[in-house]
Amino acid sequence: MQVRVKIRRFNPEQDAQAHWREYTLTAEPSDRVLDLLHQVKWYRDGTLTFRRSCAHGICGSDAMTINGRNRLACKALVKDLKQPITIEPMRGFPVVKDMVVDMTGFWEKYRSVKPYLISAEPLPAKERLQSPCERERYDDTTKCILCGACTTSCPSFWANAQYLGPAAIVQAHRFLFDSRDRGAKERLDVLNASSGVWRCRTIFNCTDACPKGIRVTQAIGQVKQWLAKVRLSRRKSVSKTVLSDS
Amino acid sequence: MGPRSVIRHRYDAVIVGAGGAGLIAALEASKRCRVAVVSKLHPSRSHTGTAQGGIGAALGNLETDNWQWHMFDTIKGSDYLADQDAVELMCQEAIEVVYDLEHMGLPFNRTPEGKIDQRRFGGHTKEFGKAPVRRSCYAADRTGHMILQTLYQQCIKQEVTFFDEFYLLDVLIQDGRCSGVVAWCIATGELHLFHAKAVLLATGGFGRMFSVTSNAHTLTGDGCAVLFQRGLPLEDMEFFQFHPTGIYKLGILITEGARGEGGILLNGKGERFMQRYAPTLMDLAPRDMISRAIYREIREGKGIEGKDYVYLDLTQLDPEIVEKKLPDITDFVRTYLGVDPIKNPIPVQPTAHYAMGGIPTNVHAQVVIDERQTPLSGLYAAGECACVSVHGANRLGTNSLVDIVVFGRRGGRSMAERLHALDWPTLPEDAVARTQETISHLCESRGEESVARIRTDLQQMMMLHVSVYRTERGLKEALAAILDLRDRYRRVSLQDRGLRFNTELQEALELGCLLDLAWVTTIAALSRTESRGAHFREDYPARDDVRWLKHSLANLREGEIVLSEKPVTISRFQPQERKY
C-alpha cells in the first residue's frame, strides 16, 4: 500500500529551524513506523536521524511523537495510523537532530530519585526471601524501559521542566514498594519537593503514552499516598513532642 | 573535511560496551581503580535487555539439582567443543552470582516460600540427561531487562563514569600491549583517545549479518571486528546459533521459556514433530537440534500450509500462566502478528541469535592470541563478543546470561587486580591516524554504492548459504559474494557528511565490521568438514572427533585469512554421541 509520511526535520548544521518534509512510501499494513523511517534513511535520504536498536519495544530508544501521541516507532503499525502519518521528536527535550533529543535532564532526574536498592541489612548466604505477593506490589513499575514517552507527554512537565516527571517517579515507586528496600527516607525530599510528585495533576497522558502498559498515574498516586502518610505521621510525632515538652 | 579534533582521556581501565558483561565488569573494577565505560548505546538500551527466559543456576529451589549436572548439560549441549575447565567454573559460580544479583535488588519471580522461582529450559536436565530440571531463574519473560536495569542501577549507586553513545573505532595495541582505545562521540563527531592500562571489550554479538535475526540493529560485532583488523585471532567463528522460535519473518525472539512452561511445536500436519527427533526432551531439546528439525520439516513440505514456518502452540497452557509468566512475548505476538497466543498458535521460524565464537579469552577474561593461550597484556573481553569457550558449538538457553555475569565479573576483577603491577603503556604516536583515515575515506567517497543495499545483499546471502544447513557449494558461493560485497563497500558513499549525530556514518562503519565477520564465519565454516552443534554440513553430516575436536582460530595476515587450530580442554566428560 501507499503510505504518506510527514517527518519533522531539523539538522543543526544546515537548518535555522525545524520544518516538515513529506514522503510517499510503499509499505505493508503490518510495517512498523520504524520500518518507514528506515526506508527513508536507507533509500531516500541518508541524513534522516533517529535512535533505534532492538526494534521490538524493549530497548526504549525510539520513542517519538507519532500522529500527536508518544509511542515507540517500533511498536506503532501502519495499519493502526491515520494518514498522513506525522512523526516528530518528543516534546520538551532539546532537539539534537531530527528525532534525536537531548535526554541529559531526563537522566539527571532519574538519578535524583536514587534508582537502586538501598539496604544496609546483613545479607543472607542465599537469596533474601520475598513472597509472591510482596513481589507483585512493585511488578508494574519494574517494566519501565526509560524511553521518556511518559514524561514528554505530561503537560505538567511541559509547563515546568523542573518537574521530576512520571518516569523518575515510576523508578522511585519500583523501590519504595519493594519489601527489601530501606531507602524511603533518602528519596523523600526529592519526591516531596515543589518539583516532586505534587506537580502531577492526574491527567493520565503518561499512562496513555507508556508503551509497556504501566499504570503510571496509579503508581504516582501510590507514591503521593505514601508521602501523605509520612507527612501525617511526622505531624503527629511533632505534636507529640510539643505536648511532652509543655 | 579536515581531521577531526581529538580529545584525550586517561583512565586506569576502559570498558567498551555497557550490556550485562560490561556493567558487571565496571562494578567490580571501579571498586579498585578509575574506570570509564564507553558504549555506543545508552547502557539501558543494550541488548542484554532483550534476554527473556532466565539465567541458569543449580539453586535447587524446586527440585534437587547440582552444578555438575549443569556442567554436563552445558558440555553435552556444546557438542563437546566447550573447554571443560571454563564450564566448570561457570556452573559453580552461576549460583553465587545469581544470589549476588538478588542482593543487588533483581526482582526475580518467587516461589510460594519466597525463594527465587525456577523453570525448565532446553537441554537442562537432572542426573546427566535423565529428565528436564527446573534450573532457569527468571523474572517473567524479561529476565535480561531486569539484569540490565539492576546492574545499571548499581553502577549509578557506585558513580561509575560513562561515555554514552561513543562508537569504538580502534583498540591500540603495540609491542604486545594494549594501551587504550579510540572512540567517536556520535553526538559531536569528535574523536576521543582513551589512554588506559587495561581495556575490556564487552561489545556483544553480530547477528545482523543475517536477514532473519533476533538481534538488535546495533549488533554488528564492532569489538570483534576491530581486533580482527588489528591482526588478533577470532575463535570458532563457524558456530552461529539459530534460535528455533523467532516470530515468522520478523525474527523477534519467543523465549524457550514458552516451551519450558509447556508450549509445543507443531508442523503443518498438526504433528508434534520433536517427538521423532528427540524422544526424551522433545520440545526442550537444544536449539541447534530443534532449528534443524524445523528446517527439515519445512523441506519435506510439512511447514504450515507448505510454507517456511511451523507453529509454536501455547493454547493448551493455562491462560493465566501465559499472561503472568510470558507477558512480553504475548504482547509481541499480539502487536506484530495480530495473533492471540492464548487462542491461536504462533507462526515461528529459526532466527539468527547468538555467536558462540568470538575473541579468544582465558577464564580470567584475558584475551589470548594463539593456540598456547598466550595472553595479550592489558586486553580483556567478556560476554557474547568473547569465546572462553563455555558454549562450544552450541550454547544452551540461559547460559548467555550466566556467561556475561560470571566472566564479566571475573574480567573486571582480574583487570583491576593486575593493574597495579603495570606501568602506563606508551601510546602509539599515530594513535588516531588510522581512524581519521577510515572516517575521511567514508565521508569523502563519491562512489555509487549504498550501505543499505550492500547490507541487505550480505544478510540474504548469509541466510541462504551460511545459516542452519551448509554445503561446500553454498559456502563457496557465499564466499565469492562476500568478497564482491567487500569490494563494493570500498565504493560506498554517504549523503550525510555532517559531524553531528551522523548515524549514516555509524551504519557504514558497522557494515564494515559485519563484512569482516561474515567473511571469517564463511571461511571457517568452509574449512570445518564435519557437523557439530550449530555448524551442520550436509556434505559432512557426522561429527568427526578425530579430525575436528578442536577450536578454530582465524587471523588476518596480509589481507588474507589464515586458519589454525587450538586444542579443546576435556577434563571430566569424554565426548559421547549426542542424543536427547
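Heavy atoms only: backbone and side chains are in, while hydrogens, waters and symmetry mates are out. If you're wondering where the values come from, they're calculated on a predicted model, not measured in any experiment. Chain letters run A, B, ... following the sequence lines, proteins first and then strands; every chain starts at 1.
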Report, as yes or no, whether the 6.0 Å neighbourhood of atom CD on B:E320 holds more than 12 heavy atoms from other residues, nucleotides or ligands.
no
Can you confirm whether B:H103 sits close enough to A:S119 that some side-chain heavy atom of one is under 4.5 Å from a side-chain heavy atom of the other?
no
May I ask you to name which of A:E134, A:K143, A:K114, A:K212 has the most heavy-atom pairs under 4.5 Å with chain B?
A:K143
Is the ring pair A:Y110/B:Y152 parallel, tilted or perpendicular, if the boundaries are 30 and 60 degrees?
parallel
With salt bridge (Lys or Arg N to Asp or Glu O under 4.0 Å) as the test, would you mind laying out the steps for A:E28 and B:K249 before giving the verdict?
CA-CA 13 Å; A:E28 297 290 326; B:K249 287 186 178 167; over 6 Å; no
Sub-6.0 Å ring centroid separation between A:H56 and B:F332:
yes
NE2 of B:H47 to CD1 of A:I58: how many Å apart, nearest 0.5 Å?
10.0 Å
Side chain, backbone, both or neither: which part of B:T111 has a heavy atom under 4.5 Å from chain A?
backbone
Which atoms form the tightest heavy-atom contact between B:A216 and A:C54, and what is the distance?
CB-CA, 3.7 Å
A:R32 and B:I252: which non-hydrogen atoms are nearest, and at how many Å?
NH1-CD1, 4.2 Å
Heavy-atom closest contact (A:E127 atom, B:N61 atom, distance):
OE2-ND2, 2.9 Å
Side chain to side chain, A:Y138 and B:P107, heavy atoms closer than 4.5 Å:
yes
Could you look at B:D328 and say if it's the side chain, the backbone, both or neither that has a heavy atom under 4.5 Å from chain A?
side chain
Measuring from atom CG of B:L59 to atom NZ of A:K126, what distance do you get when rounded to the nearest 0.5 angstrom?
8.0 Å
I'd like to verify something: which residue of B:L505, B:D117, B:L106, B:L337 has the highest number of heavy-atom pairs under 4.5 Å with chain A?
B:L106
Between the side chains of B:E159 and A:R111, is the shortest nitrogen-to-carboxylate-oxygen separation below 4.0 Å, so that they form an ion pair?
no
To the nearest 0.5 Å, how far apart are SG in A:C59 and NE2 in B:H217?
9.5 Å
Salt bridge between B:E102 and A:R135, side-chain N to carboxylate O under 4.0 Å?
no
Would you kindly check if the NZ (Lys) or CZ (Arg) of B:R455 is within the cone defined by 45 degrees around the ring axis of A:W42 and under 6.0 Å from the six-membered ring centre?
yes
Please determine, among A:W107, A:Y43, A:F175, the option with the most heavy-atom pairs under 4.5 Å with chain B.
A:W107
Crowding at CZ, A:R215 (>12 non-hydrogen neighbours, <6.0 Å):
no
Would you call A:K97 and B:D496 a salt bridge, using N to O less than 4.0 angstrom?
yes
Among pairs that include at least one residue of residues 11-31 of chain A, which meet ring-ring contact (aromatic ring centres under 6.0 Å, His included), considering only residues two or more places apart or in two chains?
none
Would you give the length of the straight line joining atom CG of A:L48 to atom OG1 of B:T503, rounded to the nearest 0.5 angstrom?
7.5 Å
Regarding A:R51 and B:E165, does a basic nitrogen lie under 4.0 Å from an acidic carboxylate oxygen?
yes
Contact part of A:E13 toward chain B, heavy-atom cut-off under 4.5 Å: side chain, backbone, both or neither?
side chain
Is it the backbone or the side chain of A:C133 that comes under 4.5 Å from a heavy atom of chain B, or both, or neither?
neither
Hey, is A:K75 close enough to B:D331 for a salt bridge, meaning N to O under 4.0 Å?
yes
A quick test of your reading: do over 12 heavy atoms of other residues, nucleotides or ligands sit less than 6.0 Å from CZ of A:R8?
yes
For the residue pair A:V96 and B:R500, establish whether any side-chain heavy-atom pair is separated by less than 4.5 Å.
yes
Considering only heavy atoms and a distance below 4.5 Å, find which of A:S131, A:G57, A:G60 pairs most often with chain B.
A:G60
Less than 4.5 Å to any heavy atom of chain A: does that hold for the side chain of B:I116, its backbone, both, or neither?
both
Counting only non-hydrogen atoms closer than 4.5 Å, does A:R52 touch chain B with its backbone (N, CA, C, O), its side chain (CB onward), both, or neither?
both
If one checks every heavy atom of B:L250 against chain A at 4.5 Å, the contacting part turns out to be side chain
Just how far is it from atom CD of B:Q495 to atom OG1 of A:T47, taken to the nearest 0.5 Å?
7.0 Å
Let me know if A:L77 has heavy atoms under 4.5 Å from chain B in its side chain, its backbone, both or neither.
side chain
Output the residues of residues 142-149 of chain B for which the shortest heavy-atom distance to chain A is under 4.5 Å, in residue-number order; output 'none' if no such residue exists.
B:R142, B:H145, B:M146, B:Q149
Any side-chain heavy atom of A:D98 sitting closer than 4.5 Å to one from B:F501?
no
Return the minimal non-hydrogen interatomic distance between A:A125 and B:Y99, and the atom names on each side.
O-CD1, 3.8 Å
Winner by heavy-atom pair count (cut-off under 4.5 Å) against chain A, out of B:R453, B:E507, B:E96:
B:E507
Atom CD of B:Q153 and atom OH of A:Y116: how far apart are they, to the nearest 0.5 Å?
10.5 Å
What part of A:Q14 is in contact with chain B, defined as an atom under 4.5 angstrom from a non-hydrogen atom: side chain, backbone, both or neither?
neither
Which region of A:P115, side chain (C-beta onward) or backbone (N, CA, C, O), has a non-hydrogen atom less than 4.5 Å from a non-hydrogen atom of chain B, or is it both or neither?
both
Side-chain heavy-atom pair B:K115, A:L129 within 4.5 angstrom cut-off
yes
